[in-house]
Q: 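Take a look at the following structure, please.
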Amino acid sequence: MDKVCAVFGGSRGIGRAVAQLMAQKGYRLAIIARNLEVAKAAAGELGGDHLALSCDVAKERDVQNTFEEMEKNLGRVNFLVNAAGINRDSLLVRTKTEDMISQLHTNLLGSMLTCKVALKTMIQQQRGSIVNVGSIIGLKGNSGQSVYSAGKGGVVGFSRALAKEVARKKIRVNVVAPGPIEQRWTKSSYVLTSLGQCCE
Ligand code: NAP
C-alpha cells in the first residue's frame with residue numbers, strides 16, 4: 001500500500017525535519033507552505049519523487065485545491081502532518097486583533113481544515129494517521145503568548161476529540177507538544193535542537 005504523506009509547514013523547521021525522516025522511511029511526500037519556492041527547495045533536497053505545493057492553511061479553498069493536487073499527483077493521502085504555524089508574541093493588552101485572528105486561523109483553524117479534507121479519503125479507506133503539532137505553551141501557558149497558547153491548547157482539545165470520533169474508522173489522531181527548538185544548518189544537514197523547558 002502506498003505511503004503518501006502531506007506535511008503542511010514542511011518547508012522549514014519541525015515540518016521539514018519530519019519530512020526528511022519520512023522520506024528516509026520511504027514515504028511519498030507533499031511539502032506544503034505558502035512560499036512555493038522554499039517548499040520546492042525543501043522537497044528537492046529530499047531526493048526522490050516528492051511534490052511541493054503552495055497553500056495557506058487558513059483558507060478553505062486553498063486546502064481543498066491542495067488535496068486535489070496531491071491526489072492527482074501522488075495518490076490518496078493517508079498520512080497528514082500539521083506543522084504549519086506562526087507566532088505573534090506580545091502581551092495581550094498590546095496584541096492587535098488582526099494578530100489574534102491570524103494566529104488562531106493558522107494554528108488552530110488551519111489544522112481543522114486540513115483534517116476535515118484529509119478525513120474524507122481516510123474514512124473511505126478505513127485507515128490513516130494524523131499528527132498535529134501543538135506546543136508545550138498550549139499546555140502550560142507563557143507570558144506574552146496567551147493567544148498562541150490558546151490556539152495550541154485548542155489543537156490539543158480538537159485532536160483528542162477527533163481521535164475519539166474517527167478511531168472506529170481505524171484512523172489515528174495524535175498531538176505532539178514540543179518545547180522550544182533551535183534550527184540551524186551544519187555543512188551537510190539541517191539540524192533541530194531541543195532547548196529544553198521554556199516555562200514554569
Ligand atoms: P517555522 O520554522 O517558522 O516553519 C513554519 C512552517 O509553516 C513553514 O513551512 C511556513 O511556510 C509554514 N506556514 C506558516 N504559516 C502558514 C500558513 N498560513 N499556511 C501554510 N503554511 C504556513 O516553524 P517551526 O518553528 O518549525 O514550528 C512548526 C510548528 O511547531 C508550529 O506549529 C509551531 O507553533 C510549533 N512549535 C514550534 C516550536 C519551536 O520552538 N520552533 C516549539 C513548539 C511548537 P510559509 O511561511 O512559506 O507559509
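Since we're looking at a predicted model, the values are computed, not measured. Just so you know, ligand 1 is whichever comes first in the structure, and atom 1 is the first atom listed for that ligand.
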Q: Could you tell me which residues satisfy ring pair (Phe, Tyr, Trp, His ring centres under 6.0 Å) with Phe67, sequence neighbours excluded, listed by chain and number?
A: Phe8
Q: Among all protein heavy atoms, pick the one closest to atom 11 (O) of ligand 1 and tell me residue, atom and distance.
A: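 Looking only at protein heavy atoms, the one closest to atom 11 (O) of ligand 1 is Ala33 CB, 3.3 Å.
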Q: Does one side chain, of Gln103 or Asp99, offer a donor that lies under 3.5 Å from an acceptor on the other?
A: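 Note: Gln103 and Asp99 side chains miss the donor-acceptor criterion.
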Q: Return yes or no for this condition: an N or O of Asn35 is under 3.5 Å from an N or O of ligand 1.
A: yes
Q: Looking only at heavy atoms, is any part of Tyr148 under 4.0 Å from ligand 1, and if so is it the side chain, the backbone, or both, or is it neither?
A: side chain
Q: With atoms numbered from 1 as shown, which atoms in ligand 1 lie under 4.0 angstrom from a non-hydrogen atom of Pro180?
A: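 Answer for ligand 1: 40 (O).
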Q: Please write down residue, atom name and distance for the protein heavy atom closest to atom 37 (C) of ligand 1.
A: Ile14 CD1, 3.7 Å
Q: Looking only at distances, please establish whether an N/O atom of ligand 1 is found under 3.5 Å from an N/O atom of Ile136.
A: no
Q: Considering Ile181, Leu109, Leu53, Val133 one by one, which has a heavy atom nearer to atom 30 (O) of ligand 1 than any of the others?
A: Val133
Q: Considering non-hydrogen atoms of the protein only, which is the closest contact for atom 20 (C) of ligand 1, and what is the distance?
A: Cys55 O, 3.1 Å
Q: Within less than 4.0 angstrom of ligand 1, does Gly134 place any heavy atom?
A: yes
Q: Does ligand 1 have any atom sitting under 4.0 Å from a heavy atom of Asp56?
A: yes
Q: Which ligand 1 atoms does Ser11 reach within 4.0 Å, using its non-hydrogen atoms?
A: 8 (C), 9 (O), 11 (O)
Q: Minimum distance, heavy atoms only, to atom 2 (O) of ligand 1: which one of Lys59, Lys152, Glu37, Gln183 is it?
A: Gln183
Q: So for Glu182, does at least one of its heavy atoms come nearer than 4.0 angstrom to any atom of ligand 1?
A: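 Glu182: no contact with ligand 1 (<4.0 Å).
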Q: Using heavy-atom distances, let me know which of Arg16, Gln103, Arg34, His105 sits nearest atom 46 (O) of ligand 1.
A: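 Nearest option to atom 46 (O) of ligand 1, by heavy atoms: Arg34.
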Q: Could you tell me whether a side-chain N or O of Ser149 sits under 3.5 Å from a main-chain N or O of Ile137, the two making a donor and an acceptor?
A: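 Yes; judged by distance alone, with no hydrogens or angles, the pair exists.
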Q: With a 4.0 Å cut-off on N to O distance, would you call Asp2 and Arg76 a salt bridge?
A: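 No.
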Q: For atom 22 (C) of ligand 1, what's the nearest protein heavy atom and its distance?
A: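 Protein heavy atom with the smallest distance to atom 22 (C) of ligand 1: Ala84 CB, 3.6 Å.
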Q: If we only consider heavy atoms of Gly179, is any one of them less than 4.0 Å away from an atom in ligand 1?
A: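 Gly179: in contact with ligand 1 (<4.0 Å).
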Q: Under 3.5 Å, side chain of Asn35 to main-chain N/O of Val38, donor-acceptor pair present?
A: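 A pair under 3.5 Å: yes.
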Q: Counting only heavy atoms from other residues, nucleotides and ligands, does the tally under 6.0 Å from NZ of Lys116 exceed 12?
A: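 Not more than 12 within 6.0 Å, no.
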